Amino acid sequence: MSGETITIASPEGSFTGYLAKPAMGQGPGIVVIQEIFGVNKVMRDLCDWLAGEGYMALCPDLFWRIEPGIDITDQSEAEWKKAFDLFGKFDVDKGVADIGATIRTLRPLSAGKVGAVGYCLGGQLAYLAACHTSTDASVGYYGVNIQNRLDDAKGIKKPLMLHIAGKDEFVPADAQEAVVAGLRDNPLVTIHRYPEMDHAFARPGGAHYDKATADEANDRTLKFFARHLG
């Protein structure tokens, strides 16, 4: 298992991504979609974890249009301020297009299908990837603002799983209910709810990290990808 930086070409320019490969050198692909902290250690560790599970895991630098190479943590007030500033400047639809370019880059490198998984901002982007890209299966953890993009759901053609934190400080209860109501009748969508969890319960080292619940959600994610990407 090794990590390397690769270049991803898009119609608007090139950007980089962190690629982790499984020990056997190849496997199905997963695009790992960043939070608001860039391609940082948390995201690289997620790629390494998925590589350990047999996947080619690629985390693209989606903030490249604003400032390439963002790599910050959730451990200081200054970094949070920077992260929210980047979030405010980020163009979601261009980010979805960049995920599409990342999938196209990863597909020929992979043995099998290509999925996507995202967290926080990336949770919303994983949902939108299911709506607008060629991903074969997508998983979103505590995605923000999905309630504002429910019309996009008509584009979902492949399986999507969402993990929703019941006490998410960034996704109020009415927004959560809107997402559940809006997607409930779609047979391609699976929603898991964690009533007592706050945002980022699966981020190791984070303020709301809960290992038992993170392990449960991650196990569901791995089984979902094994079913749809194998």
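Worth saying up front: this structure is predicted, and the values here are computed from it rather than measured. When a residue number appears, it is its place in the shown sequence, counting from 1.
With rounding to the nearest 0.5 Å, the separation of CD1 in Ile36 from SG in Cys120 is 5.0 Å. Taken to the nearest 0.5 Å, the OG1 atom of Thr133 stands 12.0 Å off from the CG atom of Asp98. From Asp198, atom CG reaches atom CZ of Phe170 across 8.0 Å, with rounding to the nearest 0.5 Å. The CD atom of Gln176 lies 11.5 Å from the CG atom of Leu162; values are rounded to the nearest 0.5 Å. For the atom pair CG of Asp71 and NZ of Lys41, the computed distance is 10.5 Å after rounding to the nearest 0.5 Å. Once rounded to the nearest 0.5 Å, the distance linking CZ of Arg107 with OG1 of Thr102 reads 12.0 Å.
Distance alone, capped at 3.5 Å, is enough to place a donor-acceptor pair between the Asp210 side chain and the Thr213 backbone. Side-chain N or O atoms of Gln34 include none that pairs as donor or acceptor with a backbone N or O of Cys59 at under 3.5 Å. Although no hydrogens or angles enter the test, the distance criterion places a donor-acceptor pair under 3.5 Å between the side chain of Asn40 and the main chain of Met43. Side chain of Gln26 to main chain of Leu109: a donor-acceptor pair is present (N/O by atom type, distance under 3.5 Å, no hydrogens or angles). Judged purely by atom type and a 3.5 angstrom limit, Asp152 has no side-chain atom pairing as donor or acceptor with the backbone of Leu128. In terms of modelled atom types and a separation under 3.5 Å, the side chain of Glu79 and the main chain of Ile72 share no donor-acceptor contact.
A salt bridge links Asp219 with Lys223; the closest basic N to acidic carboxylate O contact falls under 4.0 Å. We find that Arg203 and Asp74 are joined by a salt bridge, their nearest charged nitrogen and carboxylate oxygen being less than 4.0 Å apart. Between Glu216 and Arg220, at least one side-chain nitrogen of the basic residue sits less than 4.0 Å from a carboxylate oxygen of the acidic one, meeting the salt-bridge criterion.
Between Tyr18 and Glu4 there is no side-chain heavy-atom pair separated by less than 4.5 Å. Side-chain contact between Phe90 and Leu125 is present, with heavy atoms from C-beta onward closer than 4.5 Å. Put simply, the side chain of Val92 reaches to within 4.5 Å of the side chain of Arg149, judged on heavy atoms. Contact check for Met56 versus Pro22: side-chain heavy atoms found under the 4.5 Å cut-off. Taking the side chain as every heavy atom from C-beta outward, Leu188 and Lys158 never approach each other to under 4.5 Å. A 4.5 Å side-chain heavy-atom check between Tyr127 and Leu150 finds at least one atom pair inside the cut-off. Proximity of Phe15 to Ser10: side-chain heavy atoms (C-beta onward) are separated by under 4.5 Å at one or more points. In this structure the side chain of Asp85 never reaches within 4.5 angstrom of the side chain of Lys82, judged on heavy atoms.
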inquiry  = Working note: Glu67 + Lys89, criterion salt bridge (Lys or Arg N to Asp or Glu O under 4.0 Å); need CA distance, chi angles, decisive distance, verdict.
reply    = CA-CA 10 Å; Glu67 184 182 331; Lys89 292 175 178 174; over 6 Å; no
ask   = Tyr119 and Val42: side-chain contact (heavy atoms from CB on, under 4.5 Å), yes or no, with the steps?
value = CA-CA 11 Å; Tyr119 305 78; Val42 170; over 6 Å; no
query = Going through the checks in order, is the side-chain contact (heavy atoms from CB on, under 4.5 Å) test met by Lys94 and Glu12?
reply = CA-CA 10 Å; Lys94 287 188 174 179; Glu12 293 185 46; 3.9 Å; yes
key: CA sep, side-chain torsions, deciding dist, call: Ile30, Val114, side-chain contact (heavy atoms from CB on, under 4.5 Å)   = CA-CA 5 Å; Ile30 296 179; Val114 176; over 6 Å; no
message = Let's go through Leu50 and Leu222 carefully: what are the C-alpha distance in whole Å and the side-chain angles of both, what is the deciding distance for side-chain contact (heavy atoms from CB on, under 4.5 Å) to 0.1 Å, and is it a yes or a no?
response = CA-CA 9 Å; Leu50 288 167; Leu222 289 175; 4.0 Å; yes
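Gly143 and Val171 make their closest contact through O-CG2, 3.5 Å (heavy atoms, listed as atom of the first residue, atom of the second, distance). Minimum heavy-atom separation, Gly54 to Pro28: O-CD, 3.7 Å. Taking both residues in full, the closest heavy atoms of Val179 and Ile191 are given as O-CD1, 4.5 Å, listed atom of the first, atom of the second, then distance. Here the closest non-hydrogen pair linking Gln147 and Ala178 is CB-CB, 4.2 Å. For Ala126 against Gly118, the heavy-atom pair with the smallest separation is CB-N, 3.8 Å. Across Gln124 and Val144, no two heavy atoms sit closer than the pair CB-O, 3.0 Å.
A donor atom on one side chain and an acceptor atom on the other are found under 3.5 Å apart for Thr221 and Tyr141. Asp136 and His228 share no donor-acceptor pair across their side chains, judged by distance under 3.5 Å alone.
The aromatic rings of Tyr194 and His192 sit tilted, their planes meeting at an angle between 30° and 60°. Note: Phe201 and Tyr142 have perpendicular aromatic rings, judged against thresholds of 30 and 60 degrees for the angle between ring planes.
Cluster membership check: Phe37 does not share its hydrophobic cluster with Tyr209, using side-chain heavy-atom separations under 4.5 Å among Ile, Leu, Val, Met, Phe, Trp and Tyr.
Looking at residues two or more places apart in sequence or on another chain, you find a side-chain hydrogen bond (donor to acceptor under 3.5 Å, both in side chains) between Thr135 and Ser138.
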